[in-house]
Chemist: 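Here it is: the structure, laid out below.
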Amino acid sequence: MESSCIYCGCGCRLDYTVSKNKITKVSGVKTDDVSEGIPCIKGLSINEVFDKNRILSPMIKKKGVFTTVALSEALNFIYEQTKNLSPQEVFFNTSGKITNENNFILQKFARICYKTSNIDSCCGRLCHLATVMGMQDVFGVSNITRMDYVKNTDCLLIIGSEPDKDYPVFYNKIVRNTKLKVINVNPFIKSSNPKDFLINIRPGSETCFLNGVVYELIKKGLTSSVSGFSVLKQKVSSYNSKLVSATCNIKESDYETLVKMIFDSKNFSVFHGMSLTQHMNSLENVHSLLNLVLLKKGKVLSLRGEINVQGAGDLGGIPGVLPTGDLSMKKDLEKCWGKVCENKGLNIIEALVLSPVKAAFITEFDPLKSLPDTERVIKSLNNTFIVYFGSYPTDTARMSNVVIPIASLLESEGSITNGERRIRKVNKVLKGPLELWEVLKLFSKNFKKSGNFKYKTSKDIIKELKDFVKAYNDISVDKLWNNIDQWADKVVKFERFMPESFEGLDDSASKKYPFILTTYRSKFAFLSDEITENSPTLTKNRERIGFYFNIDDARKLGLSDGDDVVVESQINSLVSKAFISDRIPAGIIGAYMHYSELRVNSLFPLNFDNESFTPNYKAVGVIVKKINI
Ligand code: SF4
């Protein structure tokens, strides 16, 4: 049976062979123009993870110990514990791991039963919210990506992403375009593809770099009639090559070459990832990148993290934004739903850490592992009543007061919206627990609101969703249910430059913390790894877990490959192995972000972009000590 993958924002279609409610094999789908029939190893090993280590029963924690209970008992318990809370005291997250239909009902339930607008998209907030905001600011629409633009691109600037690891099927498309010149800007001194023109950049200096490129292109004669150009021209005028080279740590000759490559390009595109967006100036970075795109009349090819993170945000998963998008359809919505809360609402960072709510409904998300400064998150949530809806156990599930099993994506029917805003059908591959919308339909009875949740199937939900979510108004549900991809709104509404100044690095090396630690992804693990860690194929192939050092730095520190080290930031220290890597530049230490064995996010203080609230996960000052045994 064909359905979607469960992992990344490429959103490949996969063919699942099923016997006795078990997946025995996963294959690519030749007609899938996303994967072109060749999905990545994560997708192809889903048969190893679908039934391992699952949450199977509702549980209530009593005196620190989980007890299995009936679903009705768990829901009644949650109701009794939370019924007197005010809308400001509860929080819900939408999730990129569940269908559009489940996300839509989740936020509808939060708005109707708890009257709250404290609803936020988990992966969206932590990864690419700055991209969504930046696109809205510059183009008036949150997503203009089309992966197939890469076929006609002659010069692709990749900044802050390693698509071979992050989005393998998109990487295949890059490699297939043999005429494509790739400029790869990231902190590493070795690229996966030796043909790339590789530019190492100091983590956190991206706005300076991009402003500098725009300045050089204008100097070479590029101009624009788009609104804001004169302010942009003035703002970038101080970003000369000397300043950029010194700030970003780039060789001037390399910089000149890359500017020429971009200037000479006829069909320029950009692709960016979380090394651009997970900084304290993430929105500035995105604006600066999009300024370059506008100036070059280029294309944006950037994707998103989880398979349905786009949908999780589109359908009312951003605080203060109704599922209708703007307020023009609010009256129609309220005719059906009753009055909805107009408060701005708290985002994940506010609701879980800065001013913790009294009850947090967490769905398929692990804030304990995913947020920076784990100790602070644990302390903040100490007095919060946590309800966890999920399919795999996580640290947050273990800390929760109530755990409710829900269907995984493979056990759901509905749709996802991939990183291109392409809406794809999700078919129910396996029988499993109730879907989240079915659980919330039952729970709505406690609030005497079941009239608002009379759906019989997920198709009923998408019919309602399509009417209320402006960006989805034009889709055909019948075609989607016949497995024909649909597209949410991608029409550019306007164009304007958003000039930005570079305000400085997130964190820089100092006498006390002489190295910068940065994080990145493996192609053999997905985000917080609670699913991929169950796959023998992936765990067998994955890289060694530890801190990766430049060879000269290792020599100076007296480190050999495999030595034990302590890496300490201003808030925490971790003991792990030291490994020597030929891709890490001097002064930088690298670590994979996924693994329970090395909770690297716990070294990052909770510093975030003031606009998007996306935390910095890409640059923190650390000191290293060798452990002498
Ligand atoms: S590229 Fe992404 S969507 Fe495609 S198979 Fe791999 S993990 Fe799944």
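Every number for a ligand or one of its atoms is a count from 1 in the order of the listing.
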Chemist: Would you say the side chains of Ser3 and Asn427 form a donor-acceptor pair under 3.5 Å?
Modeler: no

Chemist: Keeping to distances under 2.8 Å, can you name the protein N/O/S atoms close to atom 4 (Fe) of ligand 1?
Modeler: Cys12 SG

Chemist: Show the nearest heavy-atom pair for residues Tyr388 and Glu364, with the distance to one decimal.
Modeler: OH-CA, 4.0 Å

Chemist: For the residue pair Ser161 and Asp166, confirm or rule out a side-chain donor-acceptor distance under 3.5 Å.
Modeler: yes

Chemist: Taking the side chain from Ser288 and the backbone from Glu284, do they hold a donor-acceptor pair closer than 3.5 Å?
Modeler: yes

Chemist: Evaluate the ring planes of His128 and His272, with Trp represented by its six-membered ring, and classify them as parallel (under 30°), tilted (30 to 60°) or perpendicular (over 60°).
Modeler: perpendicular

Chemist: Are the side chain of Glu2 and the backbone N or O of Val29 linked by a donor-acceptor pair below 3.5 Å?
Modeler: no

